[in-house]
Structure formats: C-alpha cells, structure tokens
Amino acid sequence: MNLMRNLDRFFWGAATSAYQVEGGIKNDWSEAHSTSSGQARFDAGRTADHYNLFKADFNLAKSLGHNAHRFSIEWSRIEPEEGKFNQKEIEHYQEVISALREKGLEPFVTLWHFTNPVWFSKLGGFGSKKSAFYFERYADFVTRNLKGVKFWLTINEPMVYAANAYFRGIWPPQKKSFFAYFRVIRNLAAAHRKAYAIIHKNIPNARVGIAKNIIYFEAAGWNPGNKILKNLADWWWNRQFLNRIQNHQDFIGLNYYFHKHIDGLKFSPEKTHPVSNLGWGIFPNGLYFVLQELKKYQKPIYITENGLADSKDEKRAQFIKDHIFWMEKAIAEGADVRGYFHWSLIDNFEWDKGFDPCFGLIEVDYKTMERKVRQSAYAYRDIIKGE
Ligand code: IFM
C-alpha cells in the first residue's frame, strides 16, 4: 500500500521507558517489596544500563532506519526530594535529546511512565488530591529546562496503572480498592490537564497528549448482552479517560496490544490466535478497528507502542508486518496516523514479570550489557525503507 511514505514526514521508531531500561534508579518500585513473598521483585537494578549506553543504543536505532524515538524521563531523578530539583539530571536528559537530534531522531518524551519518587508515594501518590499539583510542578520544571522537544506525552497508560496498582494490587502501592482505583483515574486526568496547560505555556508550539492503552473488544455472535458488555468495556477502558481529557490533548498516543472476545462475562482472547511468550493473543486486525474508532476524536494519532514478548524472535517480523498492514489500511480509509513506535527498542524490565519477557528489537545480555540486533529489527528497517 505504501501510503504513508507519500506523506512529508511519518515517524518510525521504537519506545522505551526510564525505569525499564536505564538502571540505577531509586523510586517507589525499587523500594517496594512484594506483600506476598517479601522479595523485592519490583527492583529493576541495573537493567539494560541505558543511562550510560544511550548513545550506542541510538546509533543502533539510526542504523535500523528509525527517524524518531520515544523515551521517558524519570521523575525521581529530576525531583528526588519534594521541591528539590536536580539540575545534573536535566543535563543528562538534555544530552539524551541532543544525541537523538544529532542522529535525526525526533524525540517523543514521556513525563511519567508508572514510577514515582519515594516522597511522592509517601504523600499518597496519585491517590492524593494534591498529586496534580505536584505533577504540574514537575512538568513545569522539566519543560522550562529541557530544550528541543516538540512532542510530549504526559502520562503512560493511566488505566493500566490504576488497575494494576490500585485495583489488582500487583504493582506498588499494591492497593485493592475500587474506590482508590476510581480516585486515581480521576487524579491522573487532573494531573494531565494541568500539565497540558503548563507545557503549552512553556513551549507554545508543543504537541501534547497521553499514551493510551486501547483494547479491541469484540462481542461474540449476535447476543445483545454481549453487545451491551462490549459497549460498557469500551466506555470504561477505552473512552472514559480520553473523554476526561478532551480539549486537553493535541494528539492521541495509542498503545495497542490486546484483543478481548466478550462472551458473557468471559473476556478472553480468541483461542485460535497465535500468542506471544506471555500468552497474549496476537490480533493485528484489531489495530485497524481501534484506529477506525479513534477517528471520531478528530486528532492526529501516533501509535506510541505495539509489540510482543518473543525471546526467540520467531513471530516479531510477521507481527510488525501485519500490524503495519492494518495501520496502512486504516490510513487509506481516513485515520490520521502519523507515526509508529515499536515496543521496545531494547529488551528491558517488564514490571511485575521481571526480565524474562523479551520485547526488544535488540537483545540485551544483562551480564555483559552486550546488544545484539534481532532479525526482526532488519525486517522493520526494510518496511521503513519501503522495501
Ligand atoms: O512494558 C510495557 C510498557 O511499560 C507499557 N506498555 C506495555 C508494555 C508491555 O507490557
């Protein structure tokens, strides 16, 4: 189809997040202990040491044809104590941005990707009413000090975070309360709205959005009950947050991973689909349906994440090819998609699941920190080149 290659500028790249790749971070995750086993399974330790190796990693991204890169800033580095900001860490991220710019990679910067400074979590984290104030202050400091960034993502996957940290209790602070879950969703939306305003004040030509995990829900058969459940699920998971921040977003960042088949109260992937190493069903067609749905917001869309855990790299090349095929079809039918970021550039710490799932286009040996480009990364490069 090759449609987007006729557009002036389409962003092709990959994404990472600070805690998952940088190493050496002290935050609410590194300090948390699993309530069930007492082990510190939330500690990413040195992970891929990207804090020191970012230039080499960006050289690889460049060699793989990328022209953009999404990464996140670690709040706990910038504001390790309440109200005390660390200029040295700003300088570090300025170097990261300069390194990207020198290689012709457009930076997409996420301000918050699931992790909090310890002081902030002690004050109640996003469960607290004051969280929006603290987040705005942090966003203000970063966007007054960092130069050369146009695209900002305030918050990554708010619904995933709220569900895992406050309802399912599997991420710090490991709460299990529907009321807290709901409060956190509300507070994250308030934090985004404040950050949106302050970023625009500091950088008038900035483009600001969030990265939203959207699930393709499909009702089984013609059963009207399934249709009602599908609409409810769409509203709760897919639309609620976007509606809360309407008029406070310049684009939609879409993270697409999941397809759920609704049959009564069973929400499960189709058994017939292939699965990733994590057992997640692979359904590229769902990306097309989700993009069709997002058209109604009339905003540019960047696919800010899409990927799979595949340590042997058996399915990744086909996965990328198929998702891009469906993305191109949606574009041909009017979806305003302007970029695709694969998750992830390099293997990394997959939250409560640790280091086993390998999402990287590039494999990381965590002992030697050696990088090895996977074959699928070349397949992605060929797609980017239009081959
Ligand atoms: O690794 C995560 C990322 O932090 C957020 N989106 C989903 C990815 C894979 O689970």
Side-chain angles (χ1 to χ4, degrees), residues 13-23 25 27-30 32 41-45 47-48 50 57 69-76 108-116 126 153-165 168 170-172 188 209-216 237-238 241 252-260 269 275-284 286-287 290 302-311 313 315-316 319-320 323 339-364 366 376:
T16 61
S17 90
Y19 191 59
Q20 293 180 271
V21 297
E22 283 185 357
I25 293 174
N27 62 19
D28 62 335
W29 278 73
S30 66
R41 73 182 156 101
F42 299 128
D43 190 358
T47 177
H50 179 73
D57 289 337
H69 179 69
R70 177 180 170 224
F71 70 96
S72 80
I73 292 182
E74 175 65 26
W75 185 358
S76 64
F108 277 62
V109 179
T110 310
L111 284 171
W112 182 90
H113 195 120
F114 299 157
T115 57
N116 299 313
F126 281 101
L153 293 126
T154 54
I155 284 171
N156 184 70
E157 297 184 346
M159 297 299 290
V160 172
Y161 173 75
N164 285 342
R168 300 175 67 207
I170 58 169
W171 288 1
L188 283 165
I210 62 162
K212 178 74 188 70
N213 175 295
I214 300 222
I215 297 176
Y216 172 52
W237 188 265
N238 290 337
F241 202 89
I252 294 178
L254 162 64
N255 292 2
Y256 175 71
Y257 292 91
F258 299 114
H259 161 231
K260 300 262 182 226
V275 294
S276 74
N277 291 165
L278 284 171
W280 298 358
I282 299 172
F283 191 63
L287 177 58
V290 162
Y302 296 92
I303 298 173
T304 38
E305 284 183 34
N306 171 236
L308 81 169
D310 180 15
S311 59
D313 204 33
K315 297 178 182 165
R316 190 173 286 102
F319 177 102
I320 295 173
H323 281 83
Y340 174 90
F341 294 82
H342 192 74
W343 183 270
S344 175
L345 181 64
I346 54 179
D347 284 345
N348 59 59
F349 176 72
E350 178 57 19
W351 307 114
D352 53 294
K353 298 178 185 70
F355 288 100
D356 284 346
C358 296
F359 277 88
L361 290 167
I362 298 166
E363 182 181 341
V364 173
Y366 294 109
S376 55

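Predicted model only: the values in this text are computed from it and were never measured. Note that ligands are numbered from 1 as they come in the structure, with each ligand's atoms numbered from 1 the same way.
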Working note: F359 + L278, criterion side chain to side chain contact (heavy atoms under 4.5 Å, CB included); need CA distance, chi angles, decisive distance, verdict. CA-CA 10 Å; F359 277 88; L278 284 171; 3.9 Å; yes

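- For atom 8 (C) of ligand 1, the closest non-hydrogen atom on the protein side is Y257 OH, 3.4 Å.
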For W237 and K260, run side chain to side chain contact (heavy atoms under 4.5 Å, CB included): C-alpha distance rounded to whole Å, both residues' side-chain angles, the deciding distance at 0.1 Å, then the answer. CA-CA 12 Å; W237 188 265; K260 300 262 182 226; over 6 Å; no

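- Residue N255 has no nitrogen or oxygen atom sitting less than 3.5 Å from a nitrogen or oxygen atom of ligand 1, judged on distance alone.
- Within the 4.5 Å cutoff, side-chain heavy atoms of E74 are placed close to those of T115.
- Within ligand 1, counting atoms from 1 as listed, the ones closer than 4.0 Å to a heavy atom of E305 are 3 (C), 5 (C), 6 (N), 7 (C), 8 (C).
- Proximity to W280 (heavy-atom distance under 4.0 Å) selects the following atoms of ligand 1: 10 (O).
- Taking only nitrogen or oxygen atoms, main chain and side chain alike, E157 reaches within less than 3.5 Å of ligand 1.
- For a threshold of 3.5 Å applied to N or O pairs, the pair formed by N156 and ligand 1 contains no separation below that value.
- Using a 30° and 60° split on the angle between ring planes, Y257 and W280 fall in the perpendicular class, above 60°.
- Of the heavy atoms in Y19, none comes closer than 4.0 Å to ligand 1.
- Proximity to E350 (heavy-atom distance under 4.0 Å) selects the following atoms of ligand 1: 1 (O), 2 (C), 9 (C), 10 (O).
- Checking only distances, S17 never comes within under 3.5 Å of ligand 1, N or O to N or O.
- Within the listing of ligand 1, atoms 3 (C), 4 (O), 5 (C) sit less than 4.0 angstrom from a heavy atom of H113.
- With contacts defined as side-chain heavy-atom distances shorter than 4.5 Å, the pair W343/Q20 qualifies.
- Using cut-offs of 30° and 60° on the angle between ring planes, the pair H69 and H50 is tilted.
- The aromatic rings of W171 and F114 sit tilted, their planes meeting at an angle between 30° and 60°.
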